[in-house]
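FYI, side chains are in, hydrogens and waters are out, and symmetry mates aren't considered; it's all heavy atoms of this structure. In each ligand, atom 1 is the first atom listed, and ligand 1 is the first ligand listed.
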Amino acid sequence: MLGPVILAASRSDRMRRLISAAPVTKQVVDRFIPGETVDDIVPIVERLTAGGLELTMDVVGEDITRPEQAAAARDAYLALVDRLAELELGERVEMSVKLSMFGQALDGGHELALANVRPVVEAAAAIGTTVTLDAEDHTTLDSMFAIHEELRKDFPQTGCVIQAYLFRTEADARRLAASGSRVRLVKGAYKEPAEVAYQQKHEIDKAYVRILRTLMEGEGYPMIGSHDPRLISIAQELARKAGRKLDEYEFQMLYGIRGDEHLRLAAEGHRMRVYTAYGTDWYGYFMRRLAEKPANLRFFVRSMISKG
Ligand SMILES: Cc1cc2nc3c(=O)[nH]c(=O)nc-3n(C[C@H](O)[C@H](O)[C@H](O)COP(=O)(O)OP(=O)(O)OC[C@H]3O[C@@H](n4cnc5c(N)ncnc54)[C@H](O)[C@@H]3O)c2cc1C
């Protein structure tokens, strides 16, 4: 019951101000967003890659309201690419972007987001890596898929995310699998109405398996974005049945969640990519992590009370 309430709060400016200012927030936030700047994050990137993991980096931020903020988002990603180039980590570290941070919701936002994300995709390709377009709420997805298709004309490795909770996703998965795309499949993290999305966990899990089968049997590169142990073993079984080798799909999990499992899968020879977020505009990302596991919220509230 708590999840939808937390997701509603993730869109409230009042809650944003309250939670961002709370004295204990930072230590709880650090578990999921372990740095604010590129300098903060470099030691973490080095440690994780040295441990056999690959990464996808997210500069946190979304739902911007002014074009200058979109340009700043682009520049933050370009600075990250420069840093990865210096570290010679282009092969091991890709990037995840949210198009709402690149201006998608502003006037003329579709073109603006495409114009802002293209230089990031070009810079990524120049150092041997790529970009994955995150999936946000369902109203943004037609634009996201159109931008993805456009970028793939020049940069076929550009990836995108699909969400198992949406009714539309089985059809999206068939199209993407047939076109040979890199696709990350996740359950879905936003508050979506019953007209467009499954609401029950068991329905979402069943849809996840159906969609994953389509991706595994298709021409593309499936990226399994989940911490769910049951889905991870089903994914291994589906990959085996589809005759995929270990480098023909990958697992992805979020930084701060089931870190032992990241290492276990990598030690088994799987490609394991850790989604690692950093930056100052962490509120929306953090609240979605709280909503996924209400025990995180109880821990947060207990820390506030004990410090208060
Ligand atoms: C790499 C990656 C990228 C993602 N990108 C997107 C995206 O672009 N768009 C989008 O809508 N969603 C995205 N998500 C989030 C996703 O939609 C789910 O909300 C999230 O992954 C939780 O679902 P789950 O598959 O882990 O299964 P769940 O059933 O939610 O969780 C399985 C188990 O994992 C652990 N766990 C899960 N979440 C948490 C948490 N927050 N804190 C502590 N433990 C936890 C718990 O042990 C839980 O029992 C992404 C997830 C991953 C892993």
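Considering only heavy atoms from C-beta on, V59 comes within 4.5 Å of Y278 through its side chain.
Of the N and O atoms on the side chains of D137 and T139, at least one donor lies less than 3.5 Å from an acceptor on the other residue.
Contact between G243 and E248 at its shortest, heavy atoms only, is O-OE1, 4.0 Å. Taking each heavy atom of Q104 and T140 in turn, the nearest pair found is NE2-O, 3.2 Å.
The number of heavy atoms from other shown groups lying within 6.0 Å of CD (E149) does not exceed 12.
Using a 4.0 Å heavy-atom criterion, the residues that approach ligand 1 are R31, D134, A135, V161, Q163, R184, V186, K187, G188, A189, Y190, K201, G225, S226, H227, D228, Q252, M253, L254, I257, Y275, R289, E292, K293, N296.
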Please table the atom pairs, donor to acceptor, closer than 3.5 Å between any side-chain atom in residues 154-161 and protein atoms at least two apart or in another chain.
| unit_1 | atom_1 | unit_2 | atom_2 | d |
| --- | --- | --- | --- | --- |
| D154 | OD2 | R118 | NH1 | 3.2 |
| T158 | OG1 | F155 | O | 2.7 |

